[in-house]
Structure formats: structure tokens, C-alpha cells
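In what follows, chains carry the letters A, B, and so on, assigned in the order in which the sequence lines appear, proteins first and then strands, with residues in each chain numbered from 1.
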Amino acid sequence: MRWLRYLNQWRGTAKEAFDQVSIVAKFLCLLHVTDRYIISSTHVQGPSMLPTLNLTGDVILAEHVSHRFGKIGLGDVVLVRSPTDPMKMVTKRVLGLEGHRLSFFADPLVGDDSVNVVGDNVHASTDSRNFGPVPYDLIEGKALLRVWPLRCFGSLR
Amino acid sequence: MGIQTLIWQVTKKAFTGGIIGLTISDRFCSVVPVRGDSMSPTFNPQRDSYLDDYVLVDKFCLKDYKFARGDVVVFSSPSHYKERYIKRIVGMPGEWISSTEDVIRVPEGHCWVEGDNKASSLDSRTFGPIPLGLIGGRVTRVVWPPQRLSKIGG
């Protein structure tokens with residue numbers, strides 16, 4: 001019964017292959033969850049957050065925990081999905097909190113969970129002064145610290 | 001200790017399962033219940049709440065934010081960020097929507113959503129156009145109850 005032996009060999013190899021693939025799959029899922037729900041690194045560039053962020057581009061670490069618990073406060077630098085182009089993420093500072101989001105007695109009919117975000121470089125920034133207050137749920141992360149370039153490593157001013 | 005390793009094994013399996021499930025739910029599809037009758041008769045054609053429809057929400061559309069007029073989408077409320085609604089897109093960016101008094105242009109990056117049951121729906125007629133970034137997925141099928149299994153849209 002030689003073909004039986006081949007079948008068993010094939011089954012052994014298939015199981016090995018499946019185990020390896022599932023390790024990779026589990027790792028990719030872990031990467032996704034970490035990147036989306038815990039912490040991620042983002043390359044940001046542009047003049048709108050000068051002098052806090054450099055013109056030529058910085059890599060910053062952003063955490064994705066605070067905004068899920070409503071813990072975004074005035075002065076926080078946040079990653080926001082642009083209301084004018086959902087494919088773009090912009091980095092701005094929170095300069096205004098509207099509505100009853102922080103109060104415990106939210107009136108369900110009147111609440112307005114939106115946030116005013118403004119770039120530090122007011123001369124070269126398209127932000128809430130242009131597109132109005134941003135719904136809170138467009139916030140995707142809060143900047144934690146800058147990791148590149150190395151000479152500017154550390155928390156953002 | 002046998003019990004300790006058993007608990008550890010179960011925890012590991014649960015953790016792995018949770019992570020895989022979360023990834024699938026974020027990137028592929030998820031199943032959500034439809035509450036309320038704002039999308040009647042497309043969803044929940046009867047008022048009994050124990051017969052709520054469950055729908056399949058596709059997440060592939062979020063890669064490029066490719067939506068079209070007529071898509072039924074799940075999105076976070078612009079005024080209460082913890083609440084999620086299911087409505088139909090009736091206006092894409094650049095299109096004109098006629099409301100009671102005037103004609104409104106849907107801004108870039110936004111869309112106009114309305115419930116199929118116009119009499120009982122809190123939608124863009126109240127809170128205005130919503131940014132496309134608030135959308136969390138597109139409804140493709142009804143998956144429960146079994147007699148209402150159907151494909152939504154073309």
C-alpha cells in the first residue's frame with residue numbers, strides 16, 4: 001500500500017505548512033490589533049504644525065487608547081481623519097471641545113460631540129477654521145512622542 | 001500544577017481567538033443587529049424587537065472609501081460618537097440634495113444619508129451631511145432571520 005504511505009507523508013507536510021501559516025496569520029492579526037487599538041507609528045509631514053512638527057517629516061508614535069475613553073483634552077495633538085478626504089490623516093492640535101461630551105448629564109437630543117482642531121502654524125494650515133468642527137469619532141489617535149529625527153526625540157512641545 | 005496550565009492554555013486560546021476575531025471584524029466583515037424601524041421595510045419591517053434583522057457589514061470598502069449612492073452604510077453619529085446608525089447614502093460629494101426649504105450641495109469628503117422610512121428616521125435631514133470618515137462599513141446582506149436572507153443592493 002505505497003500510496004497510503006504517500007498520503008500520510010502528504011498529510012504530515014500539509015499539517016506543518018498549516019501550522020506555519022497560522023503562526024504568520026496570528027502574528028499579522030496581532031500587528032493589526034496593536035496598530036489599530038494600542039500604539040502605532042506615523043510619518044507626518046507638512047508645514048501646518050510648525051514649529052512643533054518639522055516641515056520635512058517626522059515619525060511620531062501615536063496611541064489609540066485615549067480617544068476610545070473620551071480622554072482627549074485641550075492642547076492634545078491628535079491624528080484626525082480629514083473630513084474633506086477620508087483617505088488622508090491629518091495631525092492637528094485640539095483647541096476646542098464642543099457639546100456635552102465631557103459632562104455626565106448629556107442631553108441625548110442636543111449633544112454635539114465635535115472638536116475644533118487647529119494646526120500650530122496658523123498661516124499654513126487647513127483645519128477647523130476652514131472645515132468647521134470635526135465629529136469626535138474622526139479622531140483616530142493621540143500623538144505620544146516623536147521618534148525621528150533622533151535629534152528631536154521626545155515629547156512634542 | 002494541572003489547573004494552572006489548563007487556565008493558561010484556555011486564556012491563550014481565548015486571547016488568540018479574540019485577536020483573530022477582532023482583525024476579521026475590522027478588515028473583512030462583521031454581523032450587526034439593526035435596531036429601530038428607520039430603514040423599514042428594507043430592515044425590520046415589523047415592529048417586534050425580537051425579530052430584529054441581523055446584517056452582514058462588509059469592511060473591504062473602507063480601504064479606498066469607495067461608496068455609491070444607494071449603498072446602505074453603518075456610521076458613527078456625528079453628534080453622539082458612541083452611537084452607530086444604519087442608513088442609506090442618497091447623496092455623494094458634489095451632488096445636490098433638495099430639503100424642505102432649499103437645495104444643499106454635499107461637500108467634498110461627505111455624504112448625505114437618509115433612512116428608507118422617512119417618517120421615522122433621524123438622518124442627514126437633521127444632522128446634515130456626514131464625513132465619509134465616519135462610515136464603518138457597507139451592508140451587503142441580511143443574515144438573520146433565515147426567512148429574510150437577502151442581498152442588499154446591486
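For the atom pair I135(B) CD1 and D137(A) CG, the distance stands at 12.0 Å (nearest 0.5 Å). For the atom pair NZ of K26(A) and OG1 of T23(B), the computed distance is 12.5 Å after rounding to the nearest 0.5 Å.
Within 6.0 Å of atom CZ in R125(B), more than 12 heavy atoms from other residues, nucleotides or ligands are found, so the atom counts as buried in its surroundings. Counting non-hydrogen atoms of other residues, nucleotides and ligands closer than 6.0 Å to CZ of R69(B) gives a total of 12 or fewer. Heavy-atom neighbours of K118(B) NZ from other residues, nucleotides or ligands within 6.0 Å: above the threshold of 12.
Judged by distance alone, with hydrogens and angles left aside, the side-chain atoms of H80(B) form no donor-acceptor pair with the main-chain N or O of D113(A) at under 3.5 Å.
Looking at F131(A), there are no atoms closer than 4.5 Å to chain B (heavy atoms on both sides), in backbone or side chain. If you measure heavy-atom distances from P78(B) to chain A, the contacts under 4.5 Å come from both the backbone and the side chain.
Residues D85(A) and E108(B) form no side-chain contact, since every pair of their non-hydrogen atoms from C-beta on lies 4.5 Å or further apart. In this structure the side chain of R36(A) reaches within 4.5 angstrom of the side chain of D26(B), judged on heavy atoms.
When all heavy atoms are compared, the tightest approach of Y81(B) to F69(A) is OH-C, 4.5 Å. Considering all non-hydrogen atoms of both residues, G133(B) and L138(A) come closest at C-CD2, 3.5 Å.
Interface remark: of the candidates A25(A), C29(A), P135(A), C29(A) forms the most heavy-atom pairs closer than 4.5 Å to chain B.
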